[in-house]
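One structure below.
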4 protein chains.
Amino acid sequence: MGEIVGNADIDACEDLLEGLRRGRPAAGQDPVKRSQIIDGARRVFIEKGFEAASMNDITREAGVSKGTIYVYFANKEELFEALIEEERGTIFKNMYDMLERADDLRQTLIKFGKVLSMKITSARVIQAQRTVIGASDRIPDMGARFYERGPKRGHDKVVTFLNAAIERGLLEIEDVDLAAYQFTELCLAGLFRQCIFAYRTKAPTQDEIDHIVRSGVDMFLKAYGTERLAEGEKTLHSS
Amino acid sequence: MGEIVGNADIDACEDLLEGLRRGRPAAGQDPVKRSQIIDGARRVFIEKGFEAASMNDITREAGVSKGTIYVYFANKEELFEALIEEERGTIFKNMYDMLERADDLRQTLIKFGKVLSMKITSARVIQAQRTVIGASDRIPDMGARFYERGPKRGHDKVVTFLNAAIERGLLEIEDVDLAAYQFTELCLAGLFRQCIFAYRTKAPTQDEIDHIVRSGVDMFLKAYGTERLAEGEKTLHSS
Amino acid sequence: MGEIVGNADIDACEDLLEGLRRGRPAAGQDPVKRSQIIDGARRVFIEKGFEAASMNDITREAGVSKGTIYVYFANKEELFEALIEEERGTIFKNMYDMLERADDLRQTLIKFGKVLSMKITSARVIQAQRTVIGASDRIPDMGARFYERGPKRGHDKVVTFLNAAIERGLLEIEDVDLAAYQFTELCLAGLFRQCIFAYRTKAPTQDEIDHIVRSGVDMFLKAYGTERLAEGEKTLHSS
Amino acid sequence: MGEIVGNADIDACEDLLEGLRRGRPAAGQDPVKRSQIIDGARRVFIEKGFEAASMNDITREAGVSKGTIYVYFANKEELFEALIEEERGTIFKNMYDMLERADDLRQTLIKFGKVLSMKITSARVIQAQRTVIGASDRIPDMGARFYERGPKRGHDKVVTFLNAAIERGLLEIEDVDLAAYQFTELCLAGLFRQCIFAYRTKAPTQDEIDHIVRSGVDMFLKAYGTERLAEGEKTLHSS
DNA sequence: CATGAATGAGCCTTCATTCAT
DNA sequence: CATGAATGAAGGCTCATTCAT
């Protein structure tokens with residue numbers, strides 16, 4: 001057959017062809033199309049919930065044919081899970097960055113609390129959470145998986161942060177795990193349930209969040225702050 | 001078969017049946033039957049969620065015919081709403097009683113906090129809340145209505161309670177509304193989200209709740225308690 | 001509740017109601033509707049084969065709604081199997097009656113052979129057999145079941161019949177089972193394969209079958225007939 | 001990526017590939033590729049039947065692209081027909097060779113009967129026949145064409161053979177056409193229908209076929225053999 | 001008035017075929 | 001000219017709702 005042609009030549013040739021094929025990715029491999037589908041799916045799933053969303057709706061919204069969706073995702077559930085996974089990634093991405101570099105404790109807590117509160121109560125994130133909760137009857141573990149890889153990881157980072165502050169002598173906490181939950185809840189005081197039940201139809205304003213988070217951090221530090229923290233803060237203020 | 005039986009006989013027979021059900025209420029008015037339907041619906045909706053529950057399931061579970069259900073409830077959604085309304089009533093019934101008679105502040109807060117936390121995280125109530133949240137894309141305002149008539153009213157009662165305590169000089173709170181939310185959240189620290197996302201598959205234990213509520217009340221009183229409260233508590237303890 | 005009413009009365013009353021309910025059979029129990037569905041299914045399945053027949057076609061042909069079909073039959077396969085079962089019953093019903101009362105052996109064989117040959121090569125039966133064969137990739141055992149309860153039973157009856165003739169000293173056969181197959185095949189000589197492959201588009205004529213069966217019976221008796229048979233036949237003719 | 005590669009390079013590359021396939025035939029004309037497709041199609045069609053076989057399966061099995069298949073065959077049906085045509089050729093090829101050179105009549109019939117019976121009841125051939133029968137509702141005339149060019153031609157050869165034997169004074173047959181069918185059927189006694197309905201799941205054994213064919217040939221010769229045949233056979237045996 | 005058999009729109013999914021690359 | 005990603009009609013089946021009994 002091709003024995004007269006060196007392998008190197010063939011390889012080179014195939015590379016060439018590969019290059020030329022650019023723009024026709026393998027089935028189920030085109031990341032652009034994948035995104036397109038997930039974007040359509042997001043709009044439909046988030047608006048209608050898992051069950052009420054029909055693959056036809058998604059087809060229409062995504063602008064691809066039904067067959068194509070099924071090349072990229074084995075079925076409705078997998079499409080939904082992929083969407084939720086992506087969503088989870090987006091939501092919690094960078095959320096905990098500021099806990100890495102800790103200067104002033106109170107300011108850090110306030111800044112983090114605001115970001116946390118704002119993200120979690122943003123219209124889109126609330127919708128996503130609602131959808132996950134609603135689908136978890138149908139897809140068991142989906143909610144658990146979401147929580148584990150999202151909120152749980154965040155919680156762990158808060159624990160680590162608090163431990164660092166304890167080490168620095170700024171906090172004195174018996175049950176750090178509980179304290180981390182308390183902190184988070186204080187930052188969300190009332191907001192999460194209001195939003196998730198759609199009692200609030202809009203995300204809270206920046207001012208509301210400011211007010212809530214400040215009050216929450218005050219409370220938290222009054223409860224767990226050491227004298228050294230108080231001194232540090234005085235210094236900080238006087239400076 | 002039936003042809004040999006005269007009409008008189010049939011009438012007699014029907015009268016008998018009628019008699020057994022003495023005073024048959026107008027269509028869709030019999031509260032017993034209504035309850036029967038809602039009870040069946042509850043079992044099915046709570047177990048399967050709104051979409052997955054079929055009217056046939058409910059029919060079977062309730063022991064009434066499909067036609068009858070449709071006399072009492074215009075459609076699946078209305079039946080679900082009625083169920084949720086009832087459920088809401090049951091859940092929040094008596095929950096705030098102990099806020100009426102306030103003796104020792106700390107003890108009252110702890111007792112109330114425990115009841116609140118236990119109720120809201122109980123398997124059944126979590127399931128109900130999940131179902132409401134899941135269905136709220138389908139039935140707008142359903143979640144809002146649920147929140148408004150349930151958690152919101154409870155919140156208002158807490159506000160009233162706190163105001164009373166302020167009046168008695170036991171607490172000093174700038175933003176009572178916020179404080180009420182903070183209190184509630186501290187009692188639930190972490191639990192609500194864990195349960196609603198099915199990360200926790202079982203309701204928290206009595207001990208867990210004890211621990212969380214105590215810690216939360218401590219924090220709350222450390223933040224908002226007045227000197228008079230402290231004195232009162234000392235007295236209480238010394239006595 | 002009804003304790004004041006004797007059980008006898010209630011029973012009587014229910015019987016009455018039952019009588020009145022005549023004409024509204026339970027779901028999936030109305031034999032008329034069942035027949036209606038099977039009749040529609042027959043037309044469609046037989047015309048198009050199992051796969052190509054769509055439930056929509058059957059719906060249309062049977063004049064019932066899709067839902068109704070699924071009340072009577074769990075799925076397409078079960079409907080098909082029910083149809084085939086019925087068809088099998090119809091086909092082989094009474095086919096072997098004349099083997100029961102055996103007078104003149106040759107005449108009996110000829111009469112039976114004709115019936116057999118005519119039935120099996122009739123347009124409708126051929127179609128049914130084709131459909132079964134075509135579906136047996138999808139529904140394993142279906143063909144086997146059909147054969148077992150149809151042709152196989154017939155074969156057994158032929159065996160019994162031949163054994164009786166042997167007992168009467170009319171036949172002498174080493175392998176009766178094989179002889180029974182031989183007899184059947186001789187009666188169908190060429191016809192079955194021609195029909196099943198639709199090489200013949202019409203059923204064979206009466207004359208063709210006459211000719212084939214006579215020739216086959218001659219052959220069969222020449223091979224297996226005893227002297228006593230020959231004598232008996234001479235007598236029969238001379239008389 | 002590919003932009004940096006000049007057209008000249010690409011052309012060179014393509015020439016290379018072209019060179020490797022020296023003498024590329026016109027579209028849909030390469031017999032090697034055609035065979036490749038049909039081979040893949042055979043495996044799939046025979047295993048799954050016409051409807052259940054998907055063009056994707058065939059694509060995979062044949063190792064060619066879908067587009068290519070559609071260059072060689074207008075659609076699924078035509079591909080199937082081509083396959084069956086080929087299969088038919090293979091099945092009946094050489095089957096009738098031994099009827100050409102006739103020495104001892106009985107031995108020839110036995111040898112031929114065995115080959116016939118074995119071929120027609122072999123798993124593969126039965127599968128093929130089932131597939132044809134199953135598809136013949138879909139593709140009219142397919143079965144007829146198969147029969148005409150396969151079994152029918154075989155039948156004609158048997159007729160010719162029998163006529164030769166008659167000429168040689170070995171047989172005395174009124175209706176040679178019928179006799180040919182009778183002979184064939186006797187060789188298959190019971191087997192064909194058992195196999196085609198999948199009542200038998202395995203091909204008959206060599207011994208079974210031996211037994212059946214011998215018995216069939218006996219019967220056939222007892223019915224149609226002349227005295228000269230009997231003498232000839234005696235001679236044969238005594239020698 | 002209760003009943004539950006019947007309805008049929010709509011669901012998710014498959015796959016023969018086309019056509020841009 | 002081969003390729004295989006994309007298409008979308010059509011498939012089997014479910015279930016909220018209706019209406020004759």
Side-chain angles (χ1 to χ4, degrees), chain A residues 17 20-30 33 51-59 64-72 74-77 79, chain B residues 14 17-18 21 24-30 33 51-59 64-71 74-77 79, chain C residues 17 20-30 33 51-59 64-77 79, chain D residues 14 17-18 21 24-28 30 33 51-59 64-71 74-77 79:
Chain A
L17 288 175
L20 293 173
R21 210 182 295 131
R22 184 161 307 280
R24 196 76 198 279
Q29 299 301 328
D30 184 346
K33 189 144 284 182
E51 312 268 3
S54 90
M55 292 303 267
N56 265 334
D57 295 340
I58 293 169
T59 275
V64 298
S65 78
K66 225 158 338 161
T68 301
I69 293 183
Y70 280 88
V71 168
Y72 283 76
N75 51 41
K76 197 183 176 185
E77 283 192 8
L79 170 56
Chain B
E14 287 192 349
L17 287 175
E18 170 106 24
R21 214 186 284 146
R24 162 138 61 116
Q29 298 302 327
D30 183 345
K33 190 150 279 184
E51 312 270 358
S54 88
M55 290 303 267
N56 263 336
D57 295 340
I58 294 168
T59 273
V64 298
S65 81
K66 240 175 304 179
T68 303
I69 293 183
Y70 278 89
V71 168
N75 51 38
K76 199 182 175 186
E77 287 189 6
L79 169 57
Chain C
L17 288 175
L20 295 173
R21 209 180 296 129
R22 185 159 306 279
R24 196 77 198 279
Q29 298 301 327
D30 185 346
K33 190 144 282 180
E51 312 269 1
S54 89
M55 291 304 268
N56 268 333
D57 295 340
I58 294 168
T59 275
V64 297
S65 78
K66 228 174 315 175
T68 301
I69 294 183
Y70 279 89
V71 168
Y72 283 76
F73 304 96
N75 51 41
K76 196 184 178 186
E77 284 191 9
L79 169 57
Chain D
E14 288 193 348
L17 286 174
E18 171 108 24
R21 212 187 288 145
R24 162 138 62 117
D30 184 344
K33 188 150 281 185
E51 313 269 0
S54 88
M55 291 302 268
N56 261 337
D57 294 340
I58 294 168
T59 275
V64 298
S65 80
K66 237 165 321 171
T68 304
I69 292 183
Y70 278 88
V71 168
N75 52 37
K76 198 183 175 186
E77 287 190 5
L79 170 56

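Just so we're on the same page: letters track the sequence lines, and every chain starts at 1.
By the 4.5 Å heavy-atom criterion applied to side chains, D:K33 and D:V71 are not counted as neighbours.
The partner of E:dC1 is absent, by the rule that a Watson-Crick or G-U pair needs both atom distances under 3.5 Å. Pairing partner, E:dT17: F:dA6, with both Watson-Crick or wobble hydrogen-bond distances short of 3.5 Å.
One interatomic measurement links the two molecules: NZ of C:K76 to C1' of F:dG12, which rounds to 8 Å at whole-angstrom precision. For C:I58 and E:dG8, the CD1 to C1' distance is 17 Å, given to the nearest whole Å. When the P atom of F:dT7 is taken as reference, atom CE of A:M55 falls 14 Å away, rounded to whole Å. Taking atom CG on A:N56 and atom P on F:dT7, their separation rounds to 14 Å, with Å as the unit. Rounded to whole Å, the distance from CD1 on A:I69 to P on E:dT14 is 13 Å. Per the geometry, OH belonging to A:Y72 stands 8 Å off P belonging to F:dA5, to the nearest Å. Rounding to whole angstrom units, CG of residue B:D57 and C1' of F:dA16 are separated by 12 Å.
Note: C:N75 CG to C:I69 CD1 = 12.0 Å, rounded to the nearest 0.5 Å. One finds the NZ atom of D:K66 at 4.0 Å from the CG atom of D:N56 (value rounded to the nearest 0.5 Å).
A donor-acceptor pair under 3.5 Å is formed between the side chain of D:T59 and the backbone N or O of D:M55. A donor-acceptor pair under 3.5 Å is absent between the side-chain atoms of B:Y70 and the main chain of B:S65, judged by distance alone.
Contact check, D:Y70 against E:dC19: no side-chain N or O comes under 4.0 Å of OP1 or OP2. The side chain of C:T68 places no N or O atom within less than 4.0 Å of a non-bridging phosphate oxygen (OP1 or OP2) of E:dA5. At the phosphate of F:dT3, OP1 or OP2 sits under 4.0 Å from a side-chain N or O atom of D:S65.
Of the two residues near DNA chain E, C:K33 and D:E51, the one whose nearest nucleotide lies more 5' is C:K33. Both A:G67 and C:N75 sit near DNA chain F, but only A:G67 has its closest nucleotide nearer the 5' end. Between A:A53 and D:A52, the residue anchored closer to the 5' end of DNA chain E is A:A53, taking for each the nucleotide with the nearest heavy atom.
If you check distances only, the side chain of B:K66 does reach the base of F:dT17 with a donor-acceptor pair under 3.5 Å.
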